Amino acid sequence: SRSGYDMAIAQRLSGHGFDKLEIGQLLRVAPSGKGDEATISYLEHTLGKISESPVKRKINVMRFSDIEAKELTIDDWLVEGIIPKASLIALSGQHMSYKSYISLYLARCIANGEDFLGTYKVKDASGVLVIDVENPKRLIGLRRLQLNLDSQNLFSVHEQEIKIDSASTIKNILEICEEHGIKLVILDSFVRLHDKKEDASWEIKNVFTELRKLTAQGICVLFLHHHRKESGKGKSNMSNSLRGSSDISAAVDAHFALNRLEDKGREIILYSVKSRFVEEFNPFKINIEGDGKTTIGFNHGGEYKGGRSPK
């Protein structure tokens, strides 16, 4: 068919480095396709099915001896020993494991320059952007009250359609981060922020390709994700606990998992499942404070004696 011919030509031209504008112009004069009968909507539909070829760049090579070698210091961390700067982090857990609350409390600590759980050093206050497409504005306002989220360094995007697998969205986020001095972006939750199939590695990798544009500019990205249904409380293989493709776990620099000891208990266990920068720490307890209605807080509850989750 003529449309099939146009698609074949478009794919071949894309493979040779032509951009979509150039391809569209050539399709309008191609003798075997639709030619000058091609409407704008037809061209947009055809071009939307192809991917532009990446710009060909020369591979840069350098000697290992020319790479700066230094140990990590407090300046390399947003939260010393836990949250590295310019990293990609997964925070996972089952339903009701306080993922959103813990992430917002973390945001407050970094925005205010206060030590996380009163234990882990936050050297400098930094801007934090929370993109929450899961919870309504009314609930976000309640959490602001409960957690005292009033720092001028805290910013919110909510009740909007945001797709992090879109290059234009990431460009917009980068502009927001630059304007407000933001060093941490929290995504709540991962599944609501893209249209890819989580269990399809060839699709999910495109999401992380876009997110890495943020870390490349010195911005840490922490996303909330759910466990597989079979992941029990501390009994399953935590390294395989993330729902979806194994590429999700492979893509992150660090993965932390939360497990509530009891369904309505006041203790949460934080597991360090993966860390590329330092050795994983032993799990520890986080105590929930406050009345749970108008005030909620957290403190360090000491090492969890139940042992490390098996890997």
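Bear in mind that the values here come from a model prediction, so they are computed numbers and not experimental data. Computed over heavy atoms, backbone and side chain alike; hydrogens, waters and symmetry mates excluded.
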Give a yes or no on whether a salt bridge exists between Lys205 and Asp247, defined as a side-chain N under 4.0 angstrom from a carboxylate O.
no
Ion pair Arg243/Asp199, N-O distance below 4.0 Å:
no
Residues, nucleotides or ligands: over 12 heavy atoms within 6.0 Å of Arg144 CZ
no
I'd like a table of donor-acceptor pairs (distance under 3.5 Å, sequence neighbours excluded) in which one partner is a side-chain atom from residues 117-133, with atom names and distances.
residue: Thr119; atom: OG1; partner: Leu117; partner atom: O; Å: 3.2
residue: Tyr120; atom: OH; partner: His300; partner atom: NE2; Å: 3.3
residue: Lys123; atom: NZ; partner: Asp75; partner atom: OD1; Å: 2.4
residue: Asp132; atom: OD1; partner: Glu134; partner atom: N; Å: 2.9
residue: Asp132; atom: OD1; partner: Asn135; partner atom: N; Å: 3.0
residue: Asp132; atom: OD1; partner: Asn135; partner atom: ND2; Å: 3.3
residue: Asp132; atom: OD2; partner: Asn135; partner atom: ND2; Å: 3.0

Is it the case that atom CD in Gln152 sees more than 12 heavy atoms from other parts of the structure closer than 6.0 Å?
no
What residues, two or more places apart in sequence or in another chain, satisfy side-chain hydrogen bond (donor to acceptor under 3.5 Å, both in side chains) together with Asp195?
Lys163
By ring-ring contact (aromatic ring centres under 6.0 Å, His included), which residues pair with Tyr105, not counting sequence neighbours?
Phe116, Phe298
Between Ile140 and Leu149, is there a shared hydrophobic cluster once you connect ILVMFWY residues whose side-chain heavy atoms come closer than 4.5 Å?
no
Is any side-chain heavy atom of Asp115 less than 4.5 Å from a side-chain heavy atom of Cys109?
no
Given side chains that start at C-beta, do those of His225 and Glu198 come closer than 4.5 Å, heavy atoms only?
yes
Does the side chain of Thr39 come within less than 4.5 Å of Tyr42's, by heavy atoms?
yes
Phe256 side chain reached by Val273 side chain, heavy atoms, under 4.5 Å
no
Within the 6.0 Å centroid threshold, strictly below: Phe281 and Tyr304
no
What are the two closest heavy atoms between Ile83 and Cys220, and how far apart are they?
CG2-SG, 3.8 Å
Check ion pair Glu267-Lys285 (N to O, under 4.0 angstrom):
yes
Scan the side chains in residues 172-188 for donor-acceptor partners under 3.5 Å anywhere in the protein, sequence neighbours excluded, and list what turns up.
residue: Glu175; atom: OE2; partner: Lys171; partner atom: NZ; Å: 2.8
residue: Asp188; atom: OD2; partner: Ser100; partner atom: OG; Å: 2.7

With sequence neighbours excluded, what pairs up with Ser87 under the side-chain hydrogen bond (donor to acceptor under 3.5 Å, both in side chains) test?
none
Between Asn112 and Ser151, the two heavy atoms sitting closest are OD1-CB, 3.1 Å
Given the rule that I, L, V, M, F, W and Y join up when any side-chain heavy atoms are under 4.5 Å apart, are Ile170 and Ile219 in one cluster?
yes
Remaining members of Leu72's ILVMFWY cluster at a side-chain heavy-atom cut-off under 4.5 Å?
Trp77, Phe277, Val278
To the nearest 0.5 Å, atom CZ of Phe223 lies from atom OG of Ser92 at 9.0 Å
Can a salt bridge be assigned to the pair Lys274 and Glu280 using a cut-off of 4.0 Å between side-chain N and carboxylate O?
no
Has Arg260 got its NZ or CZ under 6.0 Å from the middle of the six-membered ring of Tyr98, at an angle within 45 degrees of the ring axis?
no
Glu37/Lys34 ion pair, N-O < 4.0 Å:
no
For the student: nearest non-hydrogen atoms of Pro283 and Glu303, plus distance
O-CG, 3.6 Å
